[in-house]
Structure formats: structure tokens, C-alpha cells
Engineer: 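Okay, here's the structure, questions in a sec.
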Amino acid sequence: MNPSEFAENSTVQRCDWWQMARFGLFIHWGVYAVPARGEWVMYQEHFSNQEYARLADQFCPTRYCPADWVAVARDAGMKYAVLTTRHHDGFCLFDSAVSDFTAPKTAAKRDLVAEFAEACHRAGMRLGFYYSLEDWRFPGQLPHLPVKEVGNYSPMVEQAHGQIRELCTNYGPLDILWLDGAFPPGIWRANELIGMVRSLQPNILVNDRSGAPGDFATPENDVTPHARPWEACYTMNDTWGYAANDNNYKSAGAILRLLVSCVAHGGNFLLNVGPDAAGSFPPQAVEILRQIGDWMRVNKESIYGAGRSPVVAPAIGWTTRVGRKVFLQVQRWPGATVALAWCGSRVKSARLLATGQSATIEQKEDRVWLHGFPEAPPDPSMAVIELTFDEEPRSSVPGYS
Ligand code: GLC
């Protein structure tokens, strides 16, 4: 086996649990929650470092209870959670020997990452750390200048290496390192960095934003399927970090359709919440996650461990597959009879996950009719029909898989 094959295989094994999980929570939280205009406020409003540092004096998250966050995520059917341990502003939610701009050394006086990690470990929630390589407080970052005009980036790079070592050492087992902000590109000694991370956390998954390929691709606010493992991250409204004025939340139904479209294309879905400065999830987000949980409790079999199906139903909705089962996530309910085509193997049974109601199956070669379903869908946002095939589901179209 040559080294590149080995790398590929170990990525596949590392990704096993993650591809079973399919659905995770992203949390963007930091001192930017104080002005409450999103996580890019320092850049957007050209704060000086001194001005920005004062936000940390007001960042005192009295309501922060990560066990509650984790419970909300678990009830929504999410299997992993990724917290911004530091964003582009350089403020660390964790204790760091190489920076004073941290939660434990400012008003919060707590290692917020330690508490989060403990809550995840306790609840069996897989744990991910987001970390921004760039830090806007260093020369050339605010605004972004080309490398040749700045010269020496090594203090910023050294700090990032040191802090990533701390994150991989001080908080127990870590499942995901979600790097971001490799600006300027090419200065981060990414291969060395990832090597260090893997030596400290051998089973960790690393994303693709450091300049090294990592284990998985990360399309942002977009469902772009990749040949390699991938995860689409999405905002629930229009902002990652808390923005008091952003009430443009997607409905639970719209979010579930995004989740399903990721799974139908073989990808994961990471849904973001931006807690406020006190440490509470916005009430709209909590309500949306509650509704998502209601759907997941009924239809989760069509998500966990599911992937692309060779049998498709584009006029009706997405299809996902687990072993001999294909799940139709019906967005356009056709009525009491559901017709399917190009089924290359025989359908044994069909039932609605919401009610358990079965259909009578009529199959003529590769055309299938499911008779006896209700005229109206049991769940207007997206009812799921489970089809069980008598062998591997196949398409009757040669070469279509
Ligand atoms: C971008 C943004 C950042 C956000 C991230 C999430 O890189 O700079 O604010 O954290 O995407 O994918």
C-alpha cells in the first residue's frame, strides 16, 4: 500500500462515526456577542485592538450552562457539536499560556471551553473545536494586506501552533478540529500543524481549511457535493455570531430540507447557533431546534448512517438509502398513490414512518406504485416513506448508482 492510499484509508475509518452521525451543531460564540452585530464586527467597524479588548470586560456569561446547550442539540437529533474556541478576533474562550486575551483572564474568569468539553463528554456528544488561525490583532490582518507588505507573520503562526497544541492537550478526547481563517494562505506550516494534532489526538477529524487537505470538505451556506467526505455548514438566520437585529430565521422545514439534501448527496450538515453574550441560545433558535427534534424522532432512520440512493424520485423529493432500505423524503405529496420508476430490484414493503401505515405494492418491471396511502401527507413539511427492497436497491438504468 503506498502512503497516499494509506492516508485515504485512515480518513475513511476516522470518518465512520461522523458519516453515521450526519447532523451536528455549530456554535459561534465570543466577545462579539456583546455589541451583538455578528462575529465580523471588529473588521467591519475597524475597532482598534484596545477598543476591542474592552468588550472582554463586559463578557460575563452568567447564563452559560453548556449542559443545557448539549441537551438542546441532543433533543434536536444532533450527534456532535463544534464550538468556536477562538474566532478571527483572537479572543480565546479557553485558558492559554500564550495569550492574555482569553475568557479566564478577563471578566468571565472561566475556561468556557473546559466546561463545554466536560458537558459534551458527559452527555456522549462528540466534541469539535473550531479555531481561527488568523488573528485580526496582528499586523496586516485588519484589513487584510498581501504578505509582501507585512513581512513577518511568525508571531501569529507560532501563537496558533501553541494554542492548537493546548486545545489538543488540555480537554480530553477531541473528535473534530475545525480550522478556519488561513489568511494569508501558505504561511501556516499546515502539514506540520496537522501532524502535531494527529500525534496528540490520533482519531481526530480535521477539516480542509488550513491549507492541508484534511479529512473533509466544508462548503459554506451551500450544498455542494464532493467526492470526498464533506459537510455543509449553515447559518440558521443570516449571521454566525449573535446579531440582535437578525431575525431572518429559516423555518424548521426549510432547515430539514437542507439536512436531507446533504444526506441524499452523501454529506453531513452542521447547523449554527449564535448564543448571546449572557450565554443563552436565542429563543427563535431553541424553538426551531425543538421542531427539528420532533421530526428527527420520527424520521431519524432516514438520516443516521444514510447516504445516496440509486433509486431517485425527483418530482416527489429527496431519497436516501441505508442497506436494503430507501427513504423517500416527500416534499410534494402526490396523493393516495405514489409512483416510482427505474427500480432495478423488487420492493418488498413500503410504510410511512410517521404513522406506520403500509401501502400495497404493485410492481411492473422497473415501475412501482404504492397504493393506499392517505390523500394528504401525515406531515406536510416532509413525510418519509420507507421502502424495503428484497435485495440491494438498484436502479434499472445501466451505470446509474
Ligand atoms: C467564514 C467566516 C466566519 C465563519 C465561517 C463558518 O470563514 O469568516 O465568520 O466562522 O466562515 O464557516
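When a ligand or atom number is given, it counts from 1 through the structure's own listing order.
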Engineer: What pairs meet the ring pair (Phe, Tyr, Trp, His ring centres under 6.0 Å) rule with one or both residues in residues 293-318, with sequence neighbours excluded?
Structural biologist: His265-Trp318
Engineer: When you pair each N or O of ligand 1 with protein N or O atoms, which pairs come out under 3.5 Å?
Structural biologist:
| residue | atom | partner | partner atom | Å |
| --- | --- | --- | --- | --- |
| ligand 1 | 7 (O) | Asp180 | OD1 | 3.2 |
| ligand 1 | 7 (O) | Asp180 | OD2 | 2.9 |
| ligand 1 | 8 (O) | Trp40 | NE1 | 3.0 |
| ligand 1 | 8 (O) | His88 | NE2 | 2.9 |
| ligand 1 | 9 (O) | Glu39 | OE2 | 2.5 |
| ligand 1 | 9 (O) | Trp40 | NE1 | 3.0 |
| ligand 1 | 9 (O) | His87 | NE2 | 3.2 |
| ligand 1 | 10 (O) | His28 | NE2 | 2.5 |
| ligand 1 | 10 (O) | His87 | NE2 | 2.8 |
| ligand 1 | 10 (O) | Tyr130 | OH | 3.4 |
| ligand 1 | 11 (O) | Glu220 | OE1 | 2.8 |
| ligand 1 | 11 (O) | Glu220 | OE2 | 3.1 |
| ligand 1 | 12 (O) | Arg209 | NH1 | 3.1 |
| ligand 1 | 12 (O) | Glu220 | OE1 | 3.0 |

Engineer: Indicate every side-chain donor-acceptor pair of residues 382-390 with a distance under 3.5 Å to a residue at least two apart or in another chain.
Structural biologist:
| residue | atom | partner | partner atom | Å |
| --- | --- | --- | --- | --- |
| Glu386 | OE1 | Arg351 | NE | 2.8 |
| Glu386 | OE2 | Lys325 | NZ | 3.4 |
| Glu386 | OE2 | Arg351 | NH2 | 3.4 |

Engineer: May I ask you to check whether Trp69 and Trp29 place their ring centers less than 6.0 Å from one another?
Structural biologist: yes
Engineer: With sequence neighbours excluded, tell me which residues meet ring-ring contact (aromatic ring centres under 6.0 Å, His included) with Trp40.
Structural biologist: Tyr43, His88, Trp136
Engineer: Under the 3.5 angstrom rule, does the side chain of Thr320 hit a backbone N or O of Ala306 as a donor-acceptor pair?
Structural biologist: no
Engineer: Do the ring centers of Phe138 and Tyr153 come within less than 6.0 Å of each other?
Structural biologist: no
